[in-house]
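In listed order, ligands and their atoms are each counted from 1. Side-chain atoms are counted along with the backbone in the values below, which use heavy atoms only and exclude waters and symmetry mates. Residues take their numbers from the sequence shown, with the count starting at 1.
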Amino acid sequence: MTVKLPNIIDLTFKQLQESMESMGEPSFRATQIHQWLFSHHASSFDDMTILSRGLRKKLSETFSIGQLQLQGRQECFEDACLNPTEKILLQLPDNEKVESVLIASAERMTACVSSQVGCPLQCPFCATGSMGFRRNLSAGEITGQVYALNSIAAEKTSNNKITNIVFMGMGEPLLNTDNVIEAIETLSTKNYSFCLSQKRITISTVGVIPEIQRLARSGMKTKLAVSLHAANQDKRESLMPIAARQYPLNELGKSLAEYTEITGMPVTIVYMLLKGINDSLDDAKMLARFAKTFLCKINLIDYNSIINIKFKPVYSSTRDMFVQQLLTSGLHVTVRKSYGTTINAACGQLATNSTQ
Ligand code: SF4
């Protein structure tokens, strides 16, 4: 009977350092192996010629290497941008697939990464939700997505590398918090080749209250975004039934107030405007009342997905009225541009079946 060896990709950087120590190797070996795995995309320990033959043998007797494989790329050019938004399809070692997006704007190169294959929360406006839930991604698979996008960024010009990471791809990151945190710790490790400040990483959630409380106390410096989409419990339940019933609005408001108090950092409230559903003056007033109870800014986004004809984007005049009402209430509001809509790479559009 053949024994299945653990995939070394799934080890966090810290676990890899510990593993090197237990093999009697200096901890800098972990950096070398990590670079071979993620930057050089090694698929065999024999490729790691910088290591001694003995260590390569020991590694191959202890671990397997199951890399993420690039299966497809699609790009589209946004207005006034030098580089295109690019969506990639990655195959995981067990043949499941995820999509990730590289968003280029004048000032940043943002990696939008997935945390789950599918999503258990099944919001009706979201293409990922319609896939159902397959599994959580490991910390290594999350890290691998960032590196895959980083190599694509580097292809564009030599100076291009990822400047920001957002967990806004497939899945609910706070239903896979352990692996998300481990991946962030690896990607923000000081003196390590990637080393992105945690302040440039945003975790976007529908409002998983216990995990928001955990993040608040974790000491992480990441930013938090919460997809609200309605500031009324009944309306929110109609838009995101599973999440809204499990994490009611009033409890969510309290947990966000606590989060901002503990961390001193504002929360971004993401509100997708849906024609005739959550776009009235009353909706704007309810949102203002909710948002004024804690430190936050509001991002308004347009509806992008094409999967449910019940939902439609609002007219610009409606959006202007909504913005005005929030500004009048003294809130900080931005209207966020959607990138990648023509290649189904924008919010709510990722589903693994559209990348060629
Ligand atoms: S919107 Fe987010 S939480 Fe809702 S189904 Fe899609 S991925 Fe899941």
Close-contact set for ligand 1 against V206 heavy atoms, below 4.0 Å:
3 (S)

Could you list which atoms of ligand 1 come closer than 4.0 Å to a heavy atom of G129?
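Numbered from 1, ligand 1 contributes 5 (S).
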
Mark yes or no for whether [X], through its side chain, and [Y], through its backbone, hold a donor-acceptor pair below 3.5 Å.
{"X": "N179", "Y": "L137", "value": "yes"}
{"X": "T163", "Y": "M109", "value": "yes"}
{"X": "T186", "Y": "F13", "value": "yes"}

Return yes when at least one N/O/S atom of C119 is nearer than 2.8 Å to atom 6 (Fe) of ligand 1, and no when none is.
no

What donor-acceptor contacts under 3.5 angstrom involve side-chain atoms of residues 292-299, with partners at least two apart or in another chain?
| from | atom 1 | to | atom 2 | distance (Å) |
| --- | --- | --- | --- | --- |
| K292 | NZ | S329 | O | 2.8 |
| T293 | OG1 | F290 | O | 2.7 |
| N299 | OD1 | T334 | OG1 | 2.3 |

Would you please determine whether Q122 falls within less than 4.0 Å of ligand 1 on a heavy-atom basis?
yes

With a cut-off of 3.5 Å and sequence neighbours excluded, list every side-chain donor-acceptor pair involving residues 313-324.
| from | atom 1 | to | atom 2 | distance (Å) |
| --- | --- | --- | --- | --- |
| R319 | NE | D302 | OD1 | 3.3 |
| R319 | NH2 | D302 | OD1 | 3.3 |
| R319 | NH2 | D302 | OD2 | 2.9 |

Could you pull out, from A127, G207, C123, the option with a heavy atom nearest to atom 5 (S) of ligand 1?
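The option holding the nearest heavy atom is C123.
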
